[in-house]
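Letters A, B, ... mirror the listed sequences (proteins, then strands); counts begin at 1. As the structure is a computational prediction, the values presented were derived from the model and not from experiment.
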There are 2 protein chains.
Amino acid sequence: MRPDRLALTPDIANDLPANQGLDIFVRKLLSHSALAPDDQQALRLLPFTPRRLDAGDYILREGERSEVCPLLLSGLAYRHKFAADGGRQIVALKMPGDALDLQSLFLRVADHNLQALTVADIAIVPIKALEQLVRARGTIARALLVDILIEASIGREWLLNIGRRNALSRLAHFLCELVYRLHVTTVEPPERVDVPITQEQLADLLGLTPVHINRTLRSLEDAGGIIRQGRKLVIGDVNVLRGIASYSDIYLHRGQQTG
Amino acid sequence: MRPDRLALTPDIANDLPANQGLDIFVRKLLSHSALAPDDQQALRLLPFTPRRLDAGDYILREGERSEVCPLLLSGLAYRHKFAADGGRQIVALKMPGDALDLQSLFLRVADHNLQALTVADIAIVPIKALEQLVRARGTIARALLVDILIEASIGREWLLNIGRRNALSRLAHFLCELVYRLHVTTVEPPERVDVPITQEQLADLLGLTPVHINRTLRSLEDAGGIIRQGRKLVIGDVNVLRGIASYSDIYLHRGQQTG
DNA sequence: CGTGCGGTTGATGTAAATCAACCCATGTGG
DNA sequence: CCACATGGGTTGATTTACATCAACCGCACG
């Protein structure tokens with residue numbers, strides 16, 4: 001029995017990545033925005049409630065209204081929508097350090113579902129505290145806006161990916177994005193990133209069917225882009241993937257600063 | 001020979017919709033945000049340079065950096081990206097009243113191309129003036145942010161549309177969205193909206209081929225959803241389209257106000 | 001009066017979906 | 001500790017939606 005709705009009741013005694021607290025969130029923002037040390041510190045000092053989610057736990061449901069602002073500290077989460085025939089499309093994948101729901105601050109109801117993909121740790125930040133910080137510090141407001149804009153840019157790239165690339169390069173493109181985005185907050189070697197995503201989820205992510213994902217994964221493995229052992233899926237050679245997808249990461253807007 | 005880059009040089013003597021000036025922009029914002037009369041007035045008094053664009057004129061190119069903020073007063077414009085194999089995907093369609101490029105204020109380079117789809121009138125607002133207004137009036141800042149968030153929401157719906165719906169309902173869904181979005185700023189009867197988009201553009205919009213669009217249009221016509229006379233394409237019966245697409249417009253976030 | 005763009009049509013090809021088993025690892029309860 | 005249920009994953013046969021190729025048409029326009 002787990003909460004259908006996030007509340008601010010604290011989970012006492014979580015020896016989670018809550019140790020490093022919101023540091024990963026700050027690192028994520030730094031990947032695209034410059035923040036003065038005191039801005040960083042202010043962010044790190046935000047009050048929050050840590051919470052551990054199981055894979056599949058809902059964080060927010062379409063049509064609902066959210067009262068809190070969850071940040072993803074570890075694990076993966078995703079946004080998805082359903083078509084009338086039951087078909088599902090994953091419309092965004094969130095990684096450690098990502099803010100999960102900045103939009104509910106400004107829109108009345110959610111237009112999509114938000115769900116944990118793996119076991120995940122989130123930090124639930126009270127809206128008040130965040131609003132206060134944003135009002136007080138323009139640089140932080142700007143960094144959060146840039147975050148929103150970059151998520152939109154990623155969405156556009158996904159449209160191109162799903163609308164115009166075949167299964168093989170589509171999959172390769174997604175895996176490249178995964179590596180590049182994870183690289184921001186993770187110190188892992190660029191290779192040996194493992195992909196804790198089922199084939200069905202990959203299908204819903206890329207607008208394909210699980211069976212076709214299965215066969216396409218085999219092709220990618222034959223090409224040397226990935227390695228599979230049992231159910232584990234690991235990035236083999238990013239360069240191979242980059243080649244297949246003609247991948248370029250400009251749409252991730254790393255190290256911005258309009259200035 | 002037309003400008004490859006927008007500048008602030010005024011086009012004198014344009015008896016454009018520049019008469020009503022930025023009113024349509026205000027109306028668009030009012031469709032999702034409440035604005036006090038003085039906020040509205042402040043927006044209407046923004047300085048701007050009107051400019052008429054021909055169909056196909058570029059407003060911004062991928063990789064470029066924009067110095068101005070264009071608003072669409074009449075006509076249609078769209079964002080698009082190219083895949084490595086030359087395939088093109090239209091990732092957003094902008095309608096009268098829409099701000100065309102709020103993101104360049106905060107991101108260094110454009111991640112997509114922005115082009116006029118039809119003859120179009122735009123108002124080029126100096127960034128300074130807009131920034132000043134945003135700083136002075138929180139409600140306006142909020143309204144613009146909501147605008148950005150809604151565009152992102154539309155993008156997610158497009159992902160669902162392209163990823164999970166077949167050609168017929170995909171096309172119907174798009175046409176529904178067109179009608180609903182135009183209804184905001186246009187007083188036209190909900191029916192008899194005409195769609196000044198070529199079949200090739202529809203194909204790039206929906207991730208299909210022109211020939212398949214052609215055949216799918218015929219099906220839609222047979223179903224009574226649209227009417228075609230020569231090259232004209234007109235909405236016939238929105239309810240038919242709604243049925244085919246199982247259309248719901250919640251993702252457009254009309255009449256928000258978190259409150 | 002040609003020229004070209006957008007649209008239309010038919011024949012054919014193919015990437016991906018669908019259907020239907022079956023496999024295997026893991027976990028669970030008797 | 002075995003029996004069984006379950007959730008991925010794998011595989012092959014078949015179908016289908018959409019792409020591709022290649023004409024041709026007709027209006028608009030310079």
Side-chain angles (χ1 to χ4, degrees), chain A residues 54-57 76 83 85-90 115-119 161-174 194-223 226-234 244-245, chain B residues 54-56 76 83 85-90 117-119 161-174 194-223 226-234 244:
Chain A
D54 284 340
D57 282 1
L76 297 178
D85 67 352
R88 185 176 78 144
Q89 179 66 42
I90 295 177
Q115 200 174 5
L117 185 141
T118 63
V119 172
N161 203 29
I162 293 179
R164 285 298 180 217
R165 280 193 267 258
N166 63 23
L168 189 68
S169 48
R170 203 184 296 185
L171 186 48
H173 188 283
F174 166 72
D194 91 298
V195 186
I197 307 182
T198 69
Q199 295 182 2
E200 190 183 11
Q201 289 160 345
L202 279 174
D204 286 345
L205 203 73
L206 298 171
L208 298 166
T209 33
V211 287
H212 198 60
I213 288 287
N214 185 299
R215 304 198 231 255
T216 310
L217 280 173
R218 173 182 305 290
S219 309
L220 264 193
E221 186 175 32
D222 293 347
I226 59 173
I227 301 162
R228 292 183 305 161
Q229 34 221 4
R231 300 198 174 179
K232 273 256 166 288
L233 170 57
V234 182
I244 291 172
Chain B
D54 285 339
L76 298 177
D85 67 352
R88 185 177 78 144
Q89 179 67 43
I90 294 176
L117 185 141
T118 62
V119 172
N161 203 30
I162 293 179
R164 284 299 178 216
R165 279 193 267 259
N166 64 23
L168 190 67
S169 48
R170 202 184 295 183
L171 186 48
H173 189 283
F174 167 72
D194 90 298
V195 186
I197 307 182
T198 70
Q199 295 182 1
E200 189 183 12
Q201 288 161 345
L202 279 173
D204 286 345
L205 204 71
L206 298 171
L208 298 167
T209 34
V211 286
H212 199 59
I213 288 287
N214 184 300
R215 304 198 229 256
T216 310
L217 281 173
R218 172 182 305 290
S219 309
L220 264 193
E221 186 176 32
D222 293 346
I226 58 172
I227 301 163
R228 291 185 303 162
Q229 34 221 6
R231 299 197 174 180
K232 273 256 167 289
L233 169 57
V234 181
I244 292 173

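- Contact annotation for Arg228(A): backbone-only contact, meaning every heavy-atom pair under 4.0 Å involves sugar-phosphate atoms and none involves a base.
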(request) Apply side chain to side chain donor-acceptor pair (under 3.5 Å) to the pair Asp222(B) and Ser219(B), showing each step before the final yes or no. (result) CA-CA 5 Å; Asp222(B) 293 346; Ser219(B) 309; 5.6 Å; no
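- The nearest heavy atom of DNA chain D to Gly230(A) and to Pro210(B) marks one nucleotide each, and the one closer to the 5' end goes with Gly230(A).
- OP1 or OP2 of dT10(D) sits under 4.0 Å from a side-chain N or O of Asn214(A).
- Tested against Ile226(B) for a side-chain contact (heavy atoms from CB on, under 4.5 Å), the candidates Val234(B), Leu217(B), Val195(B) yield a single pass: Leu217(B).
- The CG atom of Leu168(B) sits 11 Å away from the P atom of dA17(D) (whole-angstrom rounding).
- Listed nucleotides dG9(D), dA17(C), dC18(D) differ in distance to Asn166(B); the shortest reach to its side chain belongs to dC18(D).
- In terms of phosphate contacts, Gln199(B) brings no side-chain nitrogen or oxygen within less than 4.0 Å of OP1 or OP2 of dC5(C).
- Counting to the nearest Å, the C1' atom of dA17(C) and the CZ atom of Arg165(B) are 18 Å from each other.
- Computed from coordinates, the Leu202(B) CG to dA19(D) P distance equals 13 Å when rounded to whole Å.
- No hydrogens or angles were tested; on distance alone, nothing pairs the side chain of Arg215(B) with the base of dG7(C) as donor and acceptor under 3.5 Å.
- For Leu208(B), taking side-chain heavy atoms from C-beta onward, the closest of the listed nucleotides dC5(C), dC18(D), dA16(C) is dC18(D).
- What separates CZ of Arg231(B) from P of dC5(C) is a distance of 11 Å, to the nearest Å.
- Applying side-chain contact (heavy atoms from CB on, under 4.5 Å) to Leu206(A) and the options Ile90(A), Leu171(A), Thr216(A) leaves one that passes, Leu171(A).
- Distance CG (Leu233(B)) to P (dC27(D)): 18 Å, rounded to an integer number of Å.
- Straight-line distance from the CG atom of Asp204(B) to the P atom of dA19(D): 11 Å, rounded to whole Å.
- Distance CG (Leu217(B)) to P (dG6(C)): 15 Å, rounded to an integer number of Å.
- One N or O on the side chain of Glu221(B) and one on the backbone of Arg228(B) form a donor-acceptor pair closer than 3.5 Å.
- Atom-to-atom, NZ of Lys232(A) to C1' of dC24(C) comes out at 16 Å; the value is rounded to the nearest Å.
- Arg164(A) contributes no side-chain N or O that, together with a main-chain N or O of Ala83(B), makes up a donor-acceptor pair within less than 3.5 Å.
- Residue Val211(A) has its side chain nearest to dT18(C) when only dG7(C), dC24(C), dT18(C) are considered.
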